[in-house]
Each structure stands twice: as structure tokens, then as C-alpha cells.
Amino acid sequence: MTDGHEFTPDWFSKPGDSLRALMVRRGVTAQQVAENLAGGMVTLRGLLGGAEAVDAHHAEVLSASLGGTASFWLKRQSNYEDALERALERATASMDEAQSWLQLQVPGPRPRGRLCDERRRDEVRRRLAFFNVGTMKAWEARYGRICSDTLFRTSSSFESKDTAVLMWLRSGELATDMIATRPWSAGNLHDRLDAIKALTKLKDPERFLPKLKTLCAEAGVAVVAKKAPEGCRASGATRMVAPDKAMILMSFRGLANDKFWFTLLHEIGHLLLHGAKTFVDEDMHGVDQSEREANEFAARCIVPLDRHEEFECLGDNRNSVIRFSVRSGVGPGLTVGQMQHHRMIGPAQLNELKKFWKWRDLSPVLD
């Protein structure tokens, strides 16, 4: 019963939703779809995220790759645009609602100064499309509560802007569309821990990141590496992006291999110990029980419990640290990071055993 009022849902479905579902159902990879699209992977990302409209060429490629007629795909685009326009009308009917949308960050330049009506509508439309929800109430249900949830970690050193963190988190979710995974399995992830630890001996992200992504995908985890936007101090995050698909989002914050791998193992700890909850981690100081447990899990991966006594006796001898790391199955930089954390050595000692990166070196591996 509508009581005389037209029903208008607070969600809408973009063509990318059908595209994603068919890729999964038919076992077609992103690379297989992208190879026939003008613009390749860039175009496919746009189609999945809604930033790129389905045109006649796209419709023909999607029909051949995934099924459905070309007219089906064009109709999906038309229906999406109509639904988006209806959501936009609702969102801009109230100045307060429009202002709430405009406070959210999305990729691209931020609007500055006083906005004319047309520019305001364009900016609200961008946010509706990016977050794929039609009302602020729906946005709050999916993303807003993360800001006040106890799972949201605030750094003791920095004040993070919630909207920047949520944009980073949503960007990571969109990137998982490009990553095919098996169904999520905590057991399969645990079984791959030793193989993941072995990758810590590789210092070049172009060598270890593809292997890491493959290992985690076999356990139902999409690993995404994405630089955090200005205002976001997050180092890592975990989130279930689908009932059978988990995400680990990494920012490479700190630009050092000991920080990257400790964060990665910390996020794996969340997945194995704390299930389907969302965690956004901005430091590793252990604010509450779940954070302490994830920290302890990561630390045990680097320094096994049965080697802790040997670890505590390590001095600042480079060769001793290398031998200990070999026996523990990890790269020596991670051992050094733990020694520095426990103040066994100074923050500048043995840093030659770590690997430090620059953003220009990481750009080829970022999603």
C-alpha cells in the first residue's frame, strides 16, 4: 500500500552491478572483458563504478563477453540514468540534504566557493554515483556509522577527516570489482600464512604484490593497494564487500616494508579472529581488545612464540638478525621493525635491513 504516495527506493542499480554479477557467475575475468574494450581496464573500471556510460560499442562488447543483447545493456544504462536523476531530484530538493552530500569527498577536484544551482547538482550527482546510494539515510546505513563505530581507529598523532577515510574505503571497494576471488574461507587464508610470510623476503612490490594478491584471492580475499587521499591517515582496512568476498585495503603508509607487512598481517588477523566486521586502522597501538589481538597475531607471525627468548637476546649485530629472520621465515626488515618497536635497538639502527620506497616507485602497483 502506498497511501497515495509514489514509492521511490533509496537505492539504484547501475549497469556495473549487472556486469559484476555476470563476471562472477560466468567465471569471466576483468582482463578478458577489458581486452575488447576501447580503453581497456580504465574503461572497465569506469563501467563498473558508473563513471563511464554504456554506449553502443560497450554494449556490443558486453553482449559478446557476458551475454544479454546490446539493447539490454543500453536499456540498463537508460534505466540507471533515470533512477539517478530521480535520486538527484530528491537530494537537491532540500538545501540541508544537498549540503550533507556536498560535505562528502569523492575522487576529483573539490568544489570551492559558492556553487550555482547547476554546479551543485553536478557535484551531488557525482556523490550519489560514487557511493551508489540514493539518500543520505542509505549512505549513513552503509558508511556513516563506521565513523562512530568502535571499530574505527583514530591515530594518537593525527586527526583524520572521516570523509577522506570513507572515500578511500569506497575506492577500495570499487577496485575489488576487478579482482576475481574464490569464496571467502578463513581456513584457506590461514593455510596460506607461511607462503604469505615468505613473500616478506622480497623487497620489490612489483614482485611480491601480484603473488600476494593471488594467494589471498585463493582464500576469498581481494587485496587492494591504494594511496590514501589527503586527510586520510589509514594504513590498512578490512571489510566484507560481499557475503563471500573480503577486502584488505592497504595504503603503503610509512613507505617501509616492515610497516607494510605488519599492517597486512594485522589485517589478516582481523579477518581470522574477528570475522566480518569492518576495521579501519590508523595506527597499531592497540586501542582495545580486538586491536591488541590483531597486533599480537601479526607480531607472532614475525617472531614465533617458540623463538621469543632467542629474539629477546638479539643485539644490534646485523648477521645475527639476518640468521634469526631466516629461521623465522620472514624478511630481516620485519625483525628490525619489531626490535625497534620493543626498543631493543634505536629507531635508526639496522635500517639498512629494511626497504624504503618512494611514491614514484609504487605507482605501477597501486590500484
Side-chain angles (χ1 to χ4, degrees), residues 105 142-173 175-176 184 186 189-190 193 196-197 200 205 209 212-213 216 219 221-241 245-303 333-334 337-338 340-342 357 362 366-367:
Q105 289 191 46
R142 182 163 175 80
Y143 297 101
R145 65 183 177 84
I146 297 174
C147 297
S148 56
D149 197 308
T150 56
L151 304 181
F152 190 92
R153 308 294 164 222
T154 302
S155 170
S156 59
S157 303
F158 301 99
E159 181 180 356
S160 180
K161 298 177 182 177
D162 292 346
T163 58
V165 175
L166 294 171
M167 178 177 74
W168 178 69
L169 193 65
R170 175 60 177 158
S171 296
E173 288 182 347
T176 64
W184 156 243
L189 181 59
H190 188 274
L193 270 177
I196 290 171
K197 285 175 54 177
T200 66
L209 200 55
L212 173 65
K213 289 186 174 188
C216 289
V221 182
V223 174
V224 176
K226 187 169 287 290
K227 185 178 180 180
E230 182 181 356
C232 173
R233 300 290 181 177
S235 53
T238 56
R239 184 170 173 82
M240 294 302 296
V241 295
K245 188 174 188 178
M247 172 185 73
I248 292 179
L249 179 58
M250 300 291 295
S251 71
F252 275 95
R253 184 186 175 197
L255 297 174
N257 67 338
D258 66 313
K259 291 181 171 61
F260 174 89
W261 286 109
F262 188 89
T263 299
L264 187 281
L265 294 168
H266 178 101
E267 303 307 334
I268 289 177
H270 278 317
L271 286 176
L272 294 179
L273 301 172
H274 307 130
K277 297 176 183 177
T278 296
F279 289 85
V280 180
D281 295 297
E282 297 193 340
D283 59 27
M284 298 293 129
H285 297 309
V287 178
D288 63 10
Q289 183 64 23
S290 60
E291 288 302 293
R292 287 193 292 271
E293 288 172 352
N295 279 344
E296 289 167 4
F297 175 88
R300 288 196 303 271
C301 287
I302 298 168
V303 181
L334 280 68
Q338 285 298 291
Q340 291 172 344
H341 174 72
H342 290 286
W357 303 301
L362 295 173
L366 296 177
D367 294 293

Note to self: Evaluate K213 against D367 for salt bridge (charged side-chain N to carboxylate O under 4.0 Å, His left out), listing each step before the verdict.
What the structure shows: CA-CA 12 Å; K213 289 186 174 188; D367 294 293; 2.8 Å; yes

Check: Could you walk me through whether M247 and L169 pass the side chain to side chain contact (heavy atoms under 4.5 Å, CB included) check?
Finding: CA-CA 10 Å; M247 172 185 73; L169 193 65; 3.9 Å; yes

Does any non-hydrogen side-chain atom of [Y] lie less than 4.5 Å from one of [X]?
{"X": "W184", "Y": "V241", "value": "no"}
{"X": "V221", "Y": "K245", "value": "no"}
{"X": "W261", "Y": "L212", "value": "yes"}
{"X": "C232", "Y": "M167", "value": "no"}
{"X": "E267", "Y": "T263", "value": "yes"}
{"X": "F262", "Y": "T200", "value": "no"}

Margin query: For the residue pair E291 / H266, report whether a side-chain donor-acceptor contact shorter than 3.5 Å exists.
Written below: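 The criterion, which ignores hydrogens and geometry beyond distance, is satisfied for E291 and H266.
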
Value rounded to 0.5 Å, distance of [atom1] in [X] from [atom2] in [Y]:
{"X": "L273", "Y": "S290", "atom1": "CG", "atom2": "OG", "answer": "9.5 Å"}
{"X": "R300", "Y": "L265", "atom1": "CZ", "atom2": "CG", "answer": "11.5 Å"}
{"X": "D258", "Y": "I302", "atom1": "CG", "atom2": "CD1", "answer": "8.0 Å"}
{"X": "D162", "Y": "Y143", "atom1": "CG", "atom2": "OH", "answer": "15.0 Å"}
{"X": "E293", "Y": "D288", "atom1": "CD", "atom2": "CG", "answer": "8.5 Å"}
{"X": "L189", "Y": "I268", "atom1": "CG", "atom2": "CD1", "answer": "5.0 Å"}

Closest approach of [X] to [Y] (non-hydrogen atoms, all atoms of both residues):
{"X": "W168", "Y": "K227", "value": "CD1-O, 3.7 Å"}
{"X": "A164", "Y": "E230", "value": "CB-O, 3.5 Å"}
{"X": "S251", "Y": "A234", "value": "OG-O, 2.7 Å"}
{"X": "L362", "Y": "P205", "value": "CD2-CG, 3.6 Å"}
{"X": "M250", "Y": "L264", "value": "CE-N, 3.6 Å"}
{"X": "A294", "Y": "H274", "value": "N-CE1, 4.4 Å"}

Margin query: Is it the case that atom NE2 in H342 sees more than 12 heavy atoms from other parts of the structure closer than 6.0 Å?
Written below: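 Counting neighbours around NE2 of H342, more than 12 heavy atoms of other residues, nucleotides or ligands fall under 6.0 Å, so yes.
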
Checklist line | Any residue meeting side chain to side chain donor-acceptor pair (under 3.5 Å) with N257, in chain and number order, not counting sequence neighbours | finding: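 In terms of side chain to side chain donor-acceptor pair (under 3.5 Å), with neighbours along the sequence ignored, N257 is linked to no residue.
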
Notebook entry, point to check: Which residues satisfy the side chain to side chain donor-acceptor pair (under 3.5 Å) test with Q338, sequence neighbours excluded?
Noted result: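 Not a single residue meets the side chain to side chain donor-acceptor pair (under 3.5 Å) criterion with Q338.
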
Notebook entry, point to check: Given L193 and F297, is the side chain to side chain contact (heavy atoms under 4.5 Å, CB included) satisfied, shown in steps?
Noted result: CA-CA 11 Å; L193 270 177; F297 175 88; 3.7 Å; yes

Next item on the list: Determine, step by step, whether V224 and S171 satisfy the side chain to side chain contact (heavy atoms under 4.5 Å, CB included) criterion, reporting the C-alpha distance in whole Å, the side-chain angles of both residues, the deciding distance to 0.1 Å, and the verdict.
Entry: CA-CA 10 Å; V224 176; S171 296; over 6 Å; no

Check: Going through the distances and angles, do E173 and R142 end up as a salt bridge (charged side-chain N to carboxylate O under 4.0 Å, His left out)?
Finding: CA-CA 12 Å; E173 288 182 347; R142 182 163 175 80; 3.4 Å; yes

Margin query: Below 30° counts as parallel, above 60° as perpendicular, anything between as tilted: where do the rings of F279 and H270 land?
Written below: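 Geometry flag for H270 against F279: parallel rings.
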
Next item on the list: Please confirm whether the backbone N or O of R239 pairs with a side-chain atom of T278, one donor and one acceptor, at under 3.5 Å?
Entry: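 Not a single qualifying donor-acceptor pair exists.
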
Item checked: Under 3.5 Å donor-acceptor, S235 side chain and D281 backbone ->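 Yes; judged by distance alone, with no hydrogens or angles, the pair exists.
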
Margin query: For a side chain to side chain contact (heavy atoms under 4.5 Å, CB included) check, start with the C-alpha distance between L366 and F252, then their side-chain angles and the critical distance, and finish with the verdict.
Written below: CA-CA 9 Å; L366 296 177; F252 275 95; 4.0 Å; yes

